[in-house]
Amino acid sequence: MAAPAQPKKIVAPTVSQINAEFVTQLACKYWAPHIKKKSPFDIKVIEEIYEKEIVKSRFAIRKIMLLEFSQYLENYLWMNYSPEVSSKAYLMSICCMVNEKFRENVPAWETFKKKPEHFPFFFKCILKAALAETDGDFSLHEQTVLLLFLDHCFNSLEVDLIRSQVQQLISLPMWMGLQPARLDLELKKTPKLRKFWNLIKKNDEKMDPEAREQAYQERRFLSQLIQKFISVLKSIPLSEAVTMDKVHYCERFIELMIDLEALLPTRRWFNTILDDSHLLVHCYLSSLVHREEDGHLFSQLLDMLKFYTGFEINDQTGNALTENEMTTIHYDRITSLQRAAFAHFPELYDFALSNVAEVDARDSLVKFFGPLSSNTLHQVASYLCLLPTLPKNEDTTFDKEFLLELLVSRHERRISQIQQLNQMPLYPTEKIIWDENIVPTEYYSGEGCLALPKLNLQFLTLHDYLLRNFNLFRLESTYEIRQDIEDSVSRMKPWQSEYGGVVFGGWARMAQPIVAFTVVEVAKPNIGENWPTRVRADVTINLNVRDHIKDEWEGLRKHDVCFLITVRPTKPYGTKFDRRRPFIEQVGLVYVRGCEIQGMLDDKGRVIEDGPEPRPNLRGESRTFRVFLDPNQYQQDMTNTIQNGAEDVYDTFNVIMRRKPKENNFKAVLETIRNLMNTDCVVPDWLHDIILGYGDPSSAHYSKMPNQIATLDFNDTFLSIEHLKASFPGHNVKVTVNDPALQIPPFRITFPVRSGKGKKRKDADGEEDDTEEAKTLIVEPHVIPNRGPYPYNQPKRNTIQFTHTQIEAIRAGMQPGLTMVVGPPGTGKTDVAVQIISNIYHNFPEQRTLIVTHSNQALNQLFEKIMALDIDERHLLRLGHGEEELETEKDFSRYGRVNYVLARRIELLEEVKRLQKSLGVPGDASYTCETAGYFFLYQVMSRWEEYISKVKNTGSTLPDAAEVATFFPFHEYFANAPQPIFKGRSYEEDMEIAEGCFRHIKKIFTQLEEFRASELLRSGLDRSKYLLVKEAKIIAMTCTHAALKRHDLVKLGFKYDNILMEEAAQILEIETFIPLLLQNPQDGFSRLKRWIMIGDHHQLPPVIKNMAFQKYSNMEQSLFTRFVRVGVPTVDLDAQGRARASLCNLYNWRYKNLGNLPHVQLLPEFSTANAGLLYDFQLINVEDFQGVGESEPNPYFYQNLGEAEYVVALFMYMCLLGYPADKISILTTYNGQKHLIRDIINRRCGNNPLIGRPNKVTTVDRFQGQQNDYILLSLVRTRAVGHLRDVRRLVVAMSRARLGLYIFARVSLFQNCFELTPAFSQLTARPLHLHIIPTEPFPTSRKNGERPPHEVQVIKNMPQMANFVYNMYMHLIQTTHHYNQTFLQLPPAMVEEGEEVQSQETEMEAEEETMAAQANVIPSPPEASLSQEIPAPQPESSSQTEAASSEMEDISALQDTATAAEPVSAAAEATTLEDAASVPAKTQ
């Protein structure tokens, strides 16, 4: 297998290069945003740039990047575009800029929306240019650029401006391009279409000739484009040299066809045009397919196009076709061919009279039609309306090969998509793992197209939706597997031994050489399948490794996935491995196969099962594992061995590799998706179209649901009636009671429910009924019944005063339907989620709610808040491995809940025993839950009923209040409650107390009845399953756990009615979808009633490690983001309470009117200034340090030493002023910088009690969802903006700080970036040098924004800051030391005489040492001072002195680490293979 060539990385230009560029000079003259006096528009500039910069460099990405980044499109091209100045260079320049924006993944159409009037003319020019002759004005390379532009247009149908232009190309009138006979056949199939067609004709006749001609050109555009492509394709020879321009044009064209076929709105009429052009037949017979190197990607794209042209969907209705319907279509085609053959072609009688199954295989069709002449074949095709009729006495112009392929490919039997999927191996093999077109390397530049599915807004059917996600998920896992294999195998250093075998010169933690491998079982296939039901093998390895690694291997669990690898190295012993050269040829890798562990074998050859009992101790170092192989893969390999004489793969394995358990769940997720595709996955009707991206996006909003609920109990949501009224602005609130004293929460609210499906009622005049009635809310306060006399009986209450948008989110979440809540940073998303859960729990006690989040951390935060509300903890359950981190004493895992139930049962039976004793009933009623039930029925209920008959209000006069207490039968039982139980003030009050007491008793027996099952079920597993399926009402898990365990949950009969998803914008599309289907449908319908998604699509998306899947396939788009793009209504929370208002302004421009909660202005912590710093946020410019800006020791592992030192210096300065170190976090945008800063902190202030360590040093991406008071942020890059250009990352970075944000960056680079302007214009409005107030200690009383009474010092650069902090530190040491000498002398009476003298002597010595050290250390010039190691402070007692003096001695040795200007990170200094491999490949 040929190793792929290593792709080149695009090197971004440096700022100095940018400034020296011709483009930049022009930009500064004509369009740069920061230039005040600009020269007038000149069309020659555009011509010159296009010719000199773009065409001359052959469309080099570097040049186009520069132009796009300089805002060429926004400030020059489109702003000045009009039909008068339109030219080839102008059109091409605009297309290049738009394509570049798509490549960079930044919004492309905003500029056009602002000035849309000339877009129709521009678009028509593009269409004309795309069809121009290639030897004319437009070269093939330029037309490839145009094709890419058109593809972007077809994929942007959600933009009104684009849709209005594209629609004319893909609507029904495009059938003008069909040949007449075919058009007639298609119109016959659907009578309704004939009417439309006649209507189109009539309208055409009314048009004036010029407009009609223009319309005809647009309708025929795609047909003509296909013909143009076929002519280019035919011009490619089989073996002679070919220009790559032609190949790239063909690839881009097929990509465009795939995208048109994969979207229903574009496919609906286009599929027939494509079929009529016989494009696929032309392609499969072309020379390009047979050119091995050049045609590889083209062939893969062609297979994708073939898949989509034959997709199982009705193009007109958009309904998915079942297997039976597909079979019927196939049979109809064959029988119509047989009828034509019988009627007109005597030589085909045998074919016409055969049964279908006999003739629909490819070989049979070739046998029957192969001998016919070309003319006869043409006539057969024309009878089927595939080709125009052949005139008499004329020969056909088509060659025989084409005609035969046309008939055969159209009528051969196709294997169904689901069969193909079921026969597909789930593990990747070496053929896929190193195929650059399918799994590109990390250096994907975004230039070429790839044979990958794309996730856009819409999908054809649920099958298509699942299949695209299945393929992408499989390939993303494959990319990670490739990295693991390359890492492990290269560490093992396989070399060729002298005798031609393999010798391993190294070792790897995650891989071991295989000693023996044998296949031990191949089970028989199931009926109707041709692959074995299971294949098992034994793998023996020798674990002569360290104990902890041996434990890891022995700890491999059932279902863990490993990889079996064959290497046959050709390099002699001792050859060095070079990471930059292709991996496969260096190690001689031949095969890779996946397997799944069943278990380790014991001495007797039996599998050791996982379980509570301890594992047996095995002697020696040889271990054998039994593994399951993939039956599909095994069948394919064996067929290949038998039919083609290939070698048996399973005799060759010599390495087994394991993976980290957290990253190794891909097979379970893929199996889950495949199982979903094999079952009738029933999505609720109200969600089906929205998930596919069609229909009315607001159709699942509660206001349009037919089962909307009129009256809802808001429980403790509102704190008062005033809060309630403020929560519904514009509504008229009617309270059912007039007495203000009774208008207290909880409230039930009756809403005006609109009749019909969300349509407002219309009155007689047809006017909308928007009267008072439609705006009136009826509010009924109600009293929660007394729950008992004990303090713990009182319900827990919500204390948060929700805003009116939060209330709207809570209301929507309680109603049936789809609720989407957009929660900007600090707007209380979690509080809203918890209140929705609580309200559903109280309104619908019989319903079960599933909570799904992205991370365990978010799930734990939710759980901690749920426990603070009035929810019985026996109804809570937490699945997965994250419950260990829950910061509560209670265990909510399955076994934790089982233990809780058992313990609670014993507690309650004790209570029954006490009650029995208090009533004086003999016997043992508290033995089991069952006996307790009988006791309640016969002893407790009888007494209560007797009591009620005595004190019941019978007549007109109220019974005496004293009687309520006198006759009460449970006085003795409640003797331990706060006394007196009965107040004696009124009959009603005492009666309510008595009923509360009885409710308390009744609840004991109700719970025991529920716990009865745990008496009957004996094993912990059965009990936990019962809890999951029956008892728990609120079940929480991560999306990964849901995907892994779906099969088990469905098998158990798990049921739920509502789903709430937190962090929904961070969850992969498919991992959001799977939780909807964790239960079997009831009678063919899903019982799901509510789906609440809470997230923020303006923050970071799911992490996709491979750039190609992230950008090209759009795999990072979450379902939440897609719904927002489609137009599903959202509730946008609009008041933040996390950050100062000034900090909020840095990111609130990204949201719909995001404001501040009142406390952000009122609380002292927000109104007080940051001590020692003039500003609450500042952007600090950092120039090159010793001539170096950013460096990149490994791919995407960026570092910037100057910024790292500056950040740490500011951190130390803040700590020296008195800021608590744990209130400061240091963030950066790259992993490399994170490691560098951590190293510097360890060296500067690691264990120094005066400074301490920051709360966290991590990347912006990792810190999403967290916050701190003060954030120091390093942006690292000095050459190109990099991935901060993704505004979502900027929003996360700006929104982590509550009180202070200090950003270190190269200002000249970031201020030019168009996408970042709203934030950076505010940042650059303040001085770009750090302003500090060294004499102002923390905390300060100065108000934010006030001029300080102390002197402000301006820090110009990093060496100055480092020097300043060093001097400040030394000064602090000295003052502390003198203070200790003066005030902290111990009284002589308290110590022995010798001790006192000794301690003073030690202090004197330490002081002398300190002075000597200072004399050596304090530097004169600030440049040299950069990284002086700071000594520990002088100790406050003699016991610490020794440690201090030893640190003091280190000062002079550590004086000047900065002079080398080398990043100090251990990761950056990775020199050996072992080291380099441990460095993360890139940040995410």
Side-chain angles (χ1 to χ4, degrees), residues 23 43-68 72-73 76-78 81 83 85-104 108 112 118-119 121-155 165-166 169 217-218 221-222 224-236 242-257 259 288 294 297-298 301 445-449:
V23 166
I43 183 72
K44 286 186 186 139
V45 173
I46 293 173
E47 306 280 344
E48 193 179 3
I49 288 177
Y50 183 65
E51 290 306 326
K52 282 189 182 172
E53 296 291 309
I54 298 179
V55 176
K56 203 171 172 187
S57 69
R58 285 196 55 74
F59 295 82
I61 280 200
R62 198 174 155 279
K63 298 279 187 189
I64 294 175
M65 264 169 87
L66 268 179
L67 276 167
E68 190 276 319
Y72 186 38
L73 177 67
Y76 203 67
L77 287 176
W78 191 248
Y81 182 80
V85 293
S86 186
S87 67
K88 173 192 159 182
Y90 214 141
L91 292 177
M92 290 305 303
S93 300
I94 292 175
C95 287
C96 287
M97 293 305 106
V98 171
N99 291 350
E100 175 59 17
K101 281 192 179 289
F102 272 95
R103 192 188 74 83
E104 293 262 1
F112 297 92
H118 294 311
F119 191 77
F121 177 82
F122 166 73
F123 194 72
K124 288 180 178 64
C125 294
I126 296 288
L127 299 184
K128 200 171 168 186
L131 293 176
E133 291 300 320
T134 44
D135 48 6
D137 274 356
F138 288 85
S139 70
L140 206 53
H141 194 136
E142 288 171 326
Q143 290 192 324
T144 310
V145 172
L146 295 176
L147 277 184
L148 182 55
F149 176 81
L150 285 171
D151 192 28
H152 293 320
C153 290
F154 282 115
N155 279 319
Q165 294 309 309
V166 166
L169 308 182
Q217 272 179 348
E218 286 180 357
F221 170 73
L222 285 168
Q224 290 170 331
L225 193 63
I226 290 172
Q227 295 314 314
K228 177 182 165 64
F229 161 75
I230 290 172
S231 68
V232 173
L233 183 67
K234 285 185 172 171
S235 71
I236 296 177
V242 61
T243 66
M244 286 314 286
D245 282 355
K246 284 186 177 180
V247 178
H248 292 324
Y249 180 84
C250 293
E251 289 167 354
R252 280 291 181 200
F253 181 84
I254 297 293
E255 182 195 6
L256 173 63
M257 294 296 107
D259 288 351
L288 183 54
D294 305 338
L297 174 58
F298 181 75
L301 289 163
S445 66
E447 274 180 289
C449 64

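What's counted below: heavy atoms across the whole structure, side chains too, no hydrogens, waters or symmetry copies.
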What closest approach, in Å, do [X] and [Y] show between heavy atoms, and which atom pair accounts for it?
{"X": "Leu222", "Y": "Leu169", "value": "CD1-O, 3.8 Å"}
{"X": "Gln143", "Y": "Ala129", "value": "NE2-O, 2.8 Å"}
{"X": "Ile64", "Y": "Cys96", "value": "CG2-O, 3.9 Å"}
{"X": "Cys449", "Y": "Glu255", "value": "CB-OE1, 3.4 Å"}
{"X": "Asp151", "Y": "Asp259", "value": "OD1-OD2, 2.8 Å"}
{"X": "Val85", "Y": "Tyr90", "value": "O-CD1, 3.4 Å"}

Query raised in the report: Can you name the side-chain contact (heavy atoms from CB on, under 4.5 Å) partners of Glu48, sequence neighbours left out?
Result: Phe22, Lys52
A side-chain contact here means heavy atoms from C-beta on lying under 4.5 Å apart; do [X] and [Y] qualify?
{"X": "Leu301", "Y": "Glu251", "answer": "yes"}
{"X": "Ile236", "Y": "Cys250", "answer": "yes"}
{"X": "His141", "Y": "Val55", "answer": "no"}
{"X": "Leu73", "Y": "Glu68", "answer": "no"}
{"X": "Phe123", "Y": "Leu150", "answer": "yes"}
{"X": "Glu142", "Y": "Val145", "answer": "no"}

Query raised in the report: Could you state the interatomic distance from CG (Leu140) to OH (Tyr249), rounded to the nearest 0.5 Å?
Result: 6.5 Å
Query raised in the report: Distance from Cys153 atom SG to Gln165 atom CD, nearest 0.5 Å?
Result: 9.5 Å
Requested in this report: Under the side chain to side chain contact (heavy atoms under 4.5 Å, CB included) rule, what do Lys63 and Val23 come out as? Steps first, then yes or no, please.
Outcome: CA-CA 8 Å; Lys63 298 279 187 189; Val23 166; 5.6 Å; no
Do NZ/NE/NH1/NH2 and the carboxylate oxygens of [X] and [Y] come within less than 4.0 Å?
{"X": "Glu47", "Y": "Lys44", "value": "no"}
{"X": "Arg58", "Y": "Asp245", "value": "yes"}
{"X": "Arg103", "Y": "Glu447", "value": "no"}

Query raised in the report: In terms of the angle between their ring planes, are Tyr81 and Trp78 parallel, tilted or perpendicular, with boundaries placed at 30° and 60°?
Result: parallel
Query - Phe102 and His152 aromatic ring geometry - parallel, tilted or perpendicular at 30°/60° bounds - result: parallel
Report task. In sequence, state the C-alpha distance, the side-chain angles, and the governing distance for Cys95 and Ile126, and then conclude on side chain to side chain contact (heavy atoms under 4.5 Å, CB included). Result -> CA-CA 9 Å; Cys95 287; Ile126 296 288; 3.3 Å; yes
**Report entry** Results of ring-ring contact (aromatic ring centres under 6.0 Å, His included) for Phe253 - residues two or more places apart only
**Finding:** Phe229
Query raised in the report: Strictly under 6.0 Å, is that where the ring centroids of Phe221 and Phe154 end up?
Result: no
Requested in this report: Quick one: list whatever passes side chain to side chain donor-acceptor pair (under 3.5 Å) with Glu104, sequence neighbours left out.
Outcome: none
